[in-house]
Amino acid sequence: MDTLLLNYLFLPPRVSRTQICSRWLGPAVVRADLRKEFMHREWTIRTYPLRLDRYNAAAFFAFALYSVVWSDISITRFVNLQATILDLGANMQIAWNVLQNPGSYFSVLPQGHGSLLPWILVFLPGTYWFALIFQSVWIGLGSLPLFWISKRRLGNRVALVVSCLYLTYFPLAGPNWFDFHVETLFPTIFLFGYYFRTRGDSKLSCLVMALAASVRFPYTIFPFIFSAMELYLARPKYGEDRGETLKRTVPYFILYIYCIALFGYFFYFIYGGSLSTFLSTTYINSQAVAATVGTASAVHLQLTTLSPIQETSLNLVRTFLLYFAPLLFVPFISLRWWPFYLPYLSLLLLSGYYGLYYPYVFTFQYPAMMAAFVFLGLTDALAYIRFGRKEPANDRPFISWKELPHMLIKLARIQAAKVPTLRQGKAGRVLDLVQTQALQGNAARARGRSGFRFKRGAYLLVLIGICCTSALFASYYEPYAPFNHYTPVPFDASLLPDWRTYDQLQTLVSMIPAGSTVLVQQNMPEVYPLQLHHLALAINEEFWSYYQTTPNLSAINALIVDPYSPFFYAVGVYDFGYSPYSALQALWSTGDFGVAAEAEGMLLLERGYCGSPQYFLPLTLTYTSSDFSGSNSSGNAGSVLANASLGGERAWQGAYFFLPPGNYSVTYAFIFESGSNGTLTLDVGGDAFAYTLALQSFEIANTTSEVQQNFTLNFSTSLMNGYAGFKAIARGFDGQILLKSVSVVQLSANPSDLANESNRC
């Protein structure tokens with residue numbers, strides 16, 4: 001037997017086998033054999049993906065466009081004060097801590113959510129914009145290795161479609177939208193690791209996969225599964241010596257051990273060897289975990305473990321299937337990636353955490369667990385649909401029973417001719433001949449039959465259907481999507497960034513005294529990292545656990561709040577008894593705090609401060625009729641219309657807002673229809689009208705025609721007025737009134753009665 005043929009049989013396959021196959025099997029068999037290698041052993045063929053061609057250029061252009069669009073969305077959200085401390089601010093603080101004292105990072109790993117990648121964040125402190133842009137670019141970067149993986153099996157055109165589908169995949173909107181998280185690094189790192197595996201570079205693949213295992217503690221399970229599967233697939237091939245097996249197996253074995261070591265490190269050194277704490281860190285319901293580890297009776301075990309499933313059974317299924325629905329559930333065809341779906345499905349079964357379920361999950365970072373595997377499954381499934389079932393591999397001889405008699409006759413004839421071989425002895429010569437015949441039989445079968453396959457028309461129909469469904473879901477579940485307001489996954493995306501409010505907040509933050517213990521609101525990550533301030537406590541989240549302390553209002557020296565943020569009245573997921581509003585009321589009621597700065601309602605309070613604010617921009621608010629509700633009212637040209645006849649009483653009220661201490665002027669604008677007369681009472685109240693800030697009645701003479709009149713109330717308040725609102729009452733009134741608008745203007749920051757409070761000065 002020729003030495004070239006033995007090299008073909010026992011060396012790793014390469015494209016250079018063309019000469020070997022041409023010499024033994026002919027050009028037609030070579031084409032069939034290479035096509036089969038391209039389809040089913042593509043990970044052993046080295047290619048050069050950065051070669052400049054139109055398809056690579058198109059993939060890079062799509063990636064660049066995605067990065068620009070999402071960077072703009074992320075920056076707009078940040079400038080509009082929609083980012084949060086517990087996520088963006090916390091990660092920036094951790095990065096700053098690493099920069100100041102790298103050794104301290106590993107002592108607070110639970111606060112870092114078990115991430116071993118502090119170096120990713122080290123260059124980001126103080127540059128929030130760069131952090132958000134980096135995240136958007138990194139998420140989009142995953143489309144490139146996916147394109148290179150897909151082109152090896154599906155061709156350039158279909159690979160480009162798969163790459164674009166990844167960029168428009170709506171679950172990736174959540175990781176991009178929800179501030180900065182190290183979890184968002186995982187899909188791209190894993191895709192690059194798998195891409196290097198397809199190139200046959202097992203060492204580089206395992207190195208990148210080790211990096212993916214270090215992204216965050218729960219995500220270590222995926223490289224662990226990958227290494228276990230590769231160890232199984234890398235088992236010795238037929239006729240292969242142990243050296244080749246060992247060379248292929250060692251990198252995956254090292255990765256396997258590394259993942260086990262990470263689990264052990266977190267379990268014993270970070271979570272104190274507590275299984276319930278170890279598992280509950282992955283968002284599993286703590287009661288279910290406690291029951292699972294045997295701290296309850298069997299009956300209690302069943303109830304507590306299954307309660308999340310019973311309560312959210314329909315939502316659980318919907319959440320899981322929505323990852324596959326935009327792709328017509330085609331990834332399910334690939335069984336290879338099913339084990340990678342199980343960890344997330346297990347979290348859905350055991351967890352009671354709302355952030356993992358629809359609709360909230362698609363605005364959070366958690367879809368990063370699934371995105372890479374869904375699209376790798378899509379690539380495998382499309383290859384199966386297009387090319388059919390997998391044929392036997394060339395390095396594992398296959399001989400059918402029908403061919404056995406003919407092969408034995410050929411072996412007898414060739415044996416009689418005493419064909420020389422590299423193997424010694426009769427048994428070695430026969431083994432070589434068997435492999436030769438099997439190789440020829442496999443090549444012939446590859447040329448004549450490739451198993452079940454769809455027709456080309458059906459394959460194209462599947463691709464078109466996937467593109468249509470993906471576009472449909474994107475039109476509902478992406479930010480700025482035309483139909484997003486019809487879904488329970490609302491992205492509160494403003495069209496334009498509010499630079500004025502952002503600059504005002506930056507001014508207030510810059511005025512916080514150095515060394516202060518400052519209490520801040522959850523939507524103000526700009527306060528971090530704490531290079532000047534002694535300590536910061538997020539009011540409505542469990543951020544203080546990062547510093548192993550508890551909130552103590554008596555130790556607070558400063559407070560900064562944004563009353564016109566949705567976080568102002570919210571207690572938060574981790575309730576410790578205070579919302580920003582209640583904390584503001586508690587500190588203000590002590591009389592020890594003064595308003596050091598005020599910018600259109602945003603406040604900076606300092607302990608012991610007295611006098612006028614150092615920085616002041618008056619508050620101006622305007623509300624239209626749509627902000628009010630009324631009795632017996634209906635919409636009329638954008639206004640509220642109320643009928644009051646026979647001395648009846650009809651009232652409007654609403655537009656609840658916050659008023660800091662100061663002097664104010666409130667103007668109501670009404671339109672009175674012809675023949676209207678009676679008494680109109682206007683009321684400005686605080687705490688949902690628990691008390692009155694201003695009250696005045698106006699007499700309306702019998703109008704002869706439609707007339708518009710404005711009524712103004714002036715008042716002062718020294719309180720922090722939450723849930724303030726307007727009310728208009730038509731008492732003893734006959735006619736028709738249209739409420740057009742109500743406007744509020746802050747005249748000054750210090751009301752006249754504030755100077756009388758001696759405990760503030």
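Note that the coordinates shown come from a computational prediction; the quantities given were computed from them, not determined experimentally.
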Give me the atom names and distance for the closest heavy-atom approach of Val208 to Ile189. CG1-O, 3.2 Å
Minimum heavy-atom separation for Phe134 and Phe180, please, with both atom names. CD2-CE1, 3.9 Å
May I have the list of side-chain donor-acceptor pairs in residues 225-232 shorter than 3.5 Å, sequence neighbours left out?
unit_1 : atom_1 : unit_2 : atom_2 : d
Ser227 : OG     : Pro223 : O      : 3.2
Ser227 : OG     : Phe224 : O      : 2.8
Glu230 : OE1    : Arg197 : NE     : 3.4
Glu230 : OE2    : Arg197 : NE     : 3.2
Glu230 : OE2    : Arg197 : NH2    : 3.3

Determine the minimum heavy-atom distance between Val161 and Cys467, stating which atoms define it. CG1-SG, 3.6 Å
Identify the two heavy atoms, one from Phe78 and one from Ala83, that lie closest to each other, and give their separation to 0.1 Å. CD1-CB, 3.8 Å
Let me have the donor-acceptor pairs involving side chains of residues 322-329, under 3.5 Å, with sequence neighbours excluded, atom names and distances please.
unit_1 : atom_1 : unit_2 : atom_2 : d
Tyr323 : OH     : Tyr344 : OH     : 2.9

Partner set under ring-ring contact (aromatic ring centres under 6.0 Å, His included) for Phe178, not counting sequence neighbours: His181, Phe364
List the residues meeting side-chain contact (heavy atoms from CB on, under 4.5 Å) with Ser163, not counting sequence neighbours, and say none if there are none. Ser143, Phe147
So which of Asp72, Asn176, Thr184 actually passes side-chain hydrogen bond (donor to acceptor under 3.5 Å, both in side chains) with Ser136? Asn176
ring-ring contact (aromatic ring centres under 6.0 Å, His included) partners for Tyr169, two or more places apart: Phe375
Taking distance alone, no hydrogens or angles, what donor-acceptor pairs closer than 3.5 Å link side-chain atoms of residues 470-479 to residues at least two apart or in another chain?
unit_1 : atom_1 : unit_2 : atom_2 : d
Ser475 : OG     : Leu472 : O      : 2.5
Tyr477 : OH     : Tyr358 : OH     : 3.3

What heavy-atom pair brings Leu141 and Phe63 nearest, and what distance separates the two atoms? N-CE1, 3.3 Å
